[in-house]
Amino acid sequence: MLFYTINASMGEAEETAQSREAPEDKELAGKLLACSEANYQQNGQNYYFFAKGIKKTRIQFGAVFKSATDVLPAFSDYLQEAGMAAADISIQEIAFTAFRVMLSFARAKELIRDDEEVLKRFALDRLRSNYGEALIEGNQSKEALMRQSRAMLCEETLLPELRRIYTKKRRRCVRGHPVHYMICCDDRDSRKEILRVLLEALYANGRIRSKRYCLIDFERSRGPSEFSSYDALFKSCEDGTLMILYQPAEDSDSDRTGPGEGWICAISDLVKKYRNRVLTVFCLPTECAKIKELFFENLSTMSFVELYEDNACGNRAREYLKTLADKHELRPDKQLYGKIEDDARQYRAAQLKLLFEEWYGDKLRHSVYPQYKGIKSTATKIIQKKPRGSAIDTLNGMIGLREAKAVIRKALDYFKVQKLYRDRGLQDTRPTMHMVFTGNPGTAKTTVARLFAQIMRDNGLLSRGELYEVGRADLVGKYVGWTAQLVKQKFREAQGSVLFIDEAYSLLDDRNGLYGDEAINTIVQEMENNRDNMVVIFAGYPDPMEQFLSRNPGLRSRIAFHVPFPDYNTEELVSIAELLAGKKGLHFTQQACDKLRNVLSTARTSADFGNGRYVRSLLEQAGMEQASRIVKMNGETLTEETLRTLTAEDIPDCNISGLTEKRRIGFDTIHY
């Protein structure tokens, strides 16, 4: 379907008739309206002319055609039926949105009866605002388009297609499209340039008759309720082009099933329905094997030409950088050519553009405007940027935990570098962050997991950053078929957060194939399906955890970090006690610290020693002992310092007779 605006100068007789009330000439308006209706019926309801506005000796008309037709003869017949003569006629194709505005103006001036009625006649009333549209603007020669194809690094695919398009071997009366297109490109500007060159060539050779092309964006339009309007959109694009942009947010080449398969099937049905009346151009990501395969399965009866950027390396890549520098009237130098460090590495045009832009920015800052030489680049700021949020400060303020702190620093540093990758057009990846925490009770495993979730949220790496603690009772069902559903439910609840599975080895049963194994197998599957939007942390003792990881072959490979939480040494325990006491506004005397050190040193030899938990319990007992001591004192002589001080007398003795020798659990090789 094609839409036009037509401007025409009227003859002297019409000028005299309009000189009375030019914009509001009811007689002329009625005459044009009647002529529009009569002409619409006489031409078989294939097109419709109407006057949009009357200004002195000029009248602006609008027109809609169901199919490509020579507009000037049809318009001349319309004027003849109206008994009007015109000169200086200019005809311009317009977008549907502009056409709809013209209808509204014509209705307001009573030059048509009802704009909605006109839209219904051409099935345009069902169009919604869930698409974009534009017009082909250029009119360049074959040689110019081919030069641009080479400059865009599209010689392998676009250049041969241009040669095929300009081959004059077809009957001009035959309507249809021998092929449709798939543009596989990640860079928006490059995709736009490829599309522009392609459509200019097709229009110049009559392969498409309308300059108008429309866009459906998958991310904005995937609701099934919209497909009735899509049929109307396809119909409005007859003799023109419809572009379908499919850019799924998720990695479509992962093992997961990407979203939108129903959408792909439905849109493919419309593509097949209008295959010979509407040219379809799919725009897909460069790496999209599974998505492309899905489209091909649904469009198996059609033929497609794939267009993509070439890979350039070595001297060809440097030549492309030189072309970009020449466009900016800058002389390329060693720094620019040095961006191509490895002659064997292949670059796409979008990647080379980013390398050039980086050099161009440095050139502006250091040579063209040297007064800005001292301003730091964004990359430097990203690297030097400190993690956000209070959780990271809390973690850094905790005693010990060297390995846990190092792992979290690595995670934050990794994502900083991924930001730099994206800024330079390089492929960034989000690694799996699933972890195993091993250690005795009281070594702060749960506390660190909770802080880790908050740190990931504060720095934009997890959307919610909450901690969901679960055990065997939360994951294993009582009956057959319940377990997998329970596990999947917990994973759904923990989306965007951390799922903390304490004493994970409790899922192990005495025999293989029981409910515990079903839980483990489902956990492995869900860990892979949710590697981008959540973190799973298994926690427990080292030896049983090793047995747990050996139960399922795929479990260990999905664990990114094994973080040991060693028992605290005596000095660390004393520091923890001082830290906890300080939060309560208390402090120890030197004698109290010495006794505390001796008590903790002895207690550490116990097999059931609770590390931080033991210290917390010991501090609570010391508080009660302090209270008993204070109530025996003369209240008149009590001072604030007395109330805030814990003495050696307040520290309870360690019950040596109740201790058993500590069993070694494998931390002998860890040194602090």
Side-chain angles (χ1 to χ4, degrees), residues 134 136-167 177-205 207-208 211 213 215 241-247 279-289 291-292 295-296 302-328 332 336 339-340 343-357 360 424-427:
I136 302 170
E137 296 181 355
N139 185 24
Q140 301 182 77
S141 66
K142 171 186 175 182
E143 291 72 21
L145 293 176
M146 298 187 84
R147 281 197 303 271
Q148 291 167 27
S149 177
R150 294 187 184 93
M152 290 157 46
L153 291 182
C154 290
E155 292 186 57
E156 293 181 12
T157 57
L158 183 56
L159 203 58
E161 179 57 18
L162 290 177
R163 295 192 182 102
R164 287 189 287 264
I165 291 171
Y166 279 93
T167 299
H177 300 289
V179 295
H180 298 260
Y181 297 91
M182 280 193 176
I183 300 176
C184 300
C185 181
D186 296 320
D187 180 65
R188 179 180 178 181
D189 291 336
S190 298
R191 180 173 64 236
K192 186 177 179 180
E193 282 298 296
I194 294 173
L195 181 69
R196 179 189 60 78
V197 170
L198 173 67
L199 295 187
E200 279 195 37
L202 291 170
Y203 184 78
N205 287 272
R207 292 268 293 274
I208 51 177
K211 291 184 176 182
Y213 60 95
L215 165 67
T241 307
L242 186 65
M243 183 170 66
I244 299 174
L245 176 61
Y246 189 100
Q247 293 281 4
L279 178 72
T280 304
V281 180
F282 289 97
C283 295
L284 308 178
T286 302
E287 303 296 334
C288 59
I291 296 298
K292 191 188 301 182
F295 272 117
F296 284 157
M302 298 176 61
S303 298
F304 287 87
V305 173
E306 296 183 43
L307 304 174
Y308 48 80
E309 297 172 305
D310 304 343
N311 285 317
C313 60
N315 289 332
R316 189 182 181 197
R318 295 187 186 93
E319 184 63 30
Y320 185 77
L321 292 176
K322 181 180 183 300
T323 301
L324 296 177
D326 291 342
K327 287 182 180 178
H328 289 78
L336 178 59
K339 298 287 183 183
I340 311 300
D343 280 358
R345 180 182 169 183
Q346 296 185 329
Y347 298 86
R348 294 195 182 276
Q351 295 170 326
L352 293 171
K353 286 178 185 176
L354 288 171
L355 292 176
F356 171 78
E357 291 297 335
Y360 186 48
R424 285 162 173 75
L426 303 175
Q427 184 177 5

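- Distance check: Arg163 CZ to Leu158 CG gives 10.5 Å after rounding to the nearest 0.5 Å.
- Two residues are said to be in side-chain contact when any heavy atoms from C-beta on lie closer than 4.5 Å; Asp187 and Leu354 fail this criterion.
- In terms of the salt bridge (charged side-chain N to carboxylate O under 4.0 Å, His left out) criterion, Lys211 has no residue partners (sequence neighbours excluded).
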Discussion item. Between Phe304 and Phe282, does the ring pair (Phe, Tyr, Trp, His ring centres under 6.0 Å) criterion hold? Intermediate values first, please.
Written reply: CA-CA 10 Å; Phe304 287 87; Phe282 289 97; 5.8 Å; yes

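- In terms of the side-chain hydrogen bond (donor to acceptor under 3.5 Å, both in side chains) criterion, residue partners of Arg196 (sequence neighbours excluded) are, by chain and number, Gln148, Glu193, Glu200.
- Shown here for Leu307 and Glu161, the closest heavy-atom pair between the two residues is CD2-CB, 4.3 Å.
- The two residues Pro160 and Thr157 make their nearest non-hydrogen contact at CD-O, 3.4 Å.
- Scanning both residues, Leu159 and Ser149, for their nearest heavy atoms gives N-OG, 3.5 Å.
- The side-chain heavy atoms of Arg207 and Pro178, taken from C-beta on, include a pair separated by under 4.5 Å.
- In this structure, Ile291 and Pro285 have side chains that are not in contact, with every pair of non-hydrogen atoms separated by 4.5 Å or more.
- What you find for Ile244 and Thr280 is that their closest heavy atoms are CD1-CG2, 4.0 Å.
- Among residues two or more places apart in sequence or in another chain, the side-chain contact (heavy atoms from CB on, under 4.5 Å) test is passed with Glu143 by Ser141, Arg147.
- With a 4.5 Å cut-off on side-chain heavy atoms, His180 and Leu279 count as touching.
- Partners of Leu195 by side-chain contact (heavy atoms from CB on, under 4.5 Å), not counting sequence neighbours, listed by chain and number: Ile183, Leu199, Tyr213, Met243, Val281.
- Across all their heavy atoms, Ala349 and Tyr320 have their closest contact at CB-OH, 3.7 Å.
- With rounding to the nearest 0.5 angstrom, the CD atom of Gln346 is 5.5 Å from the SG atom of Cys313.
- Residues passing the ring-ring contact (aromatic ring centres under 6.0 Å, His included) test with Tyr360 are His328, Phe356, sequence neighbours excluded.
- In this structure, Glu357 has no side-chain hydrogen bond (donor to acceptor under 3.5 Å, both in side chains) partners at least two apart in sequence or on a different chain.
- A centroid separation of less than 6.0 Å is found between the aromatic rings of Tyr246 and Phe295.
- At least one side-chain heavy atom of Ile208 sits under 4.5 Å from a side-chain heavy atom of Ile136.
- Side-chain contact between Lys142 and Leu162: absent, with no pair of heavy atoms (C-beta onward) separated by less than 4.5 Å.
- A 4.5 Å side-chain heavy-atom check between Ser190 and Arg348 finds every atom pair outside the cut-off.
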Worksheet item: Under the side-chain contact (heavy atoms from CB on, under 4.5 Å) criterion, do Leu153 and Leu352 qualify, and how do the steps go?
Response: CA-CA 10 Å; Leu153 291 182; Leu352 293 171; 3.8 Å; yes

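- Among residues two or more places apart in sequence or in another chain, the side-chain hydrogen bond (donor to acceptor under 3.5 Å, both in side chains) test is passed with Glu155 by Arg316.
- A search for salt bridge (charged side-chain N to carboxylate O under 4.0 Å, His left out) contacts involving Lys322 returns Asp326, not counting sequence neighbours.
- Every residue was checked against the ring-ring contact (aromatic ring centres under 6.0 Å, His included) condition with Tyr181, not counting sequence neighbours, and none meets it.
- The two atoms that bring Gln351 and Tyr347 nearest to each other are OE1-CA, 3.3 Å, heavy atoms only.
- Annotation: side chain of Val179 is not in contact with side chain of Arg164 (no heavy-atom distance under 4.5 Å).
- With sequence neighbours excluded, the residues that form a side-chain hydrogen bond (donor to acceptor under 3.5 Å, both in side chains) with Arg318 are Asn315, Asp343.
- Residues satisfying the salt bridge (charged side-chain N to carboxylate O under 4.0 Å, His left out) test with Asp186, not counting sequence neighbours, are none.
- Scanning for salt bridge (charged side-chain N to carboxylate O under 4.0 Å, His left out) contacts around Asp189 gives an empty result, with sequence neighbours left out.
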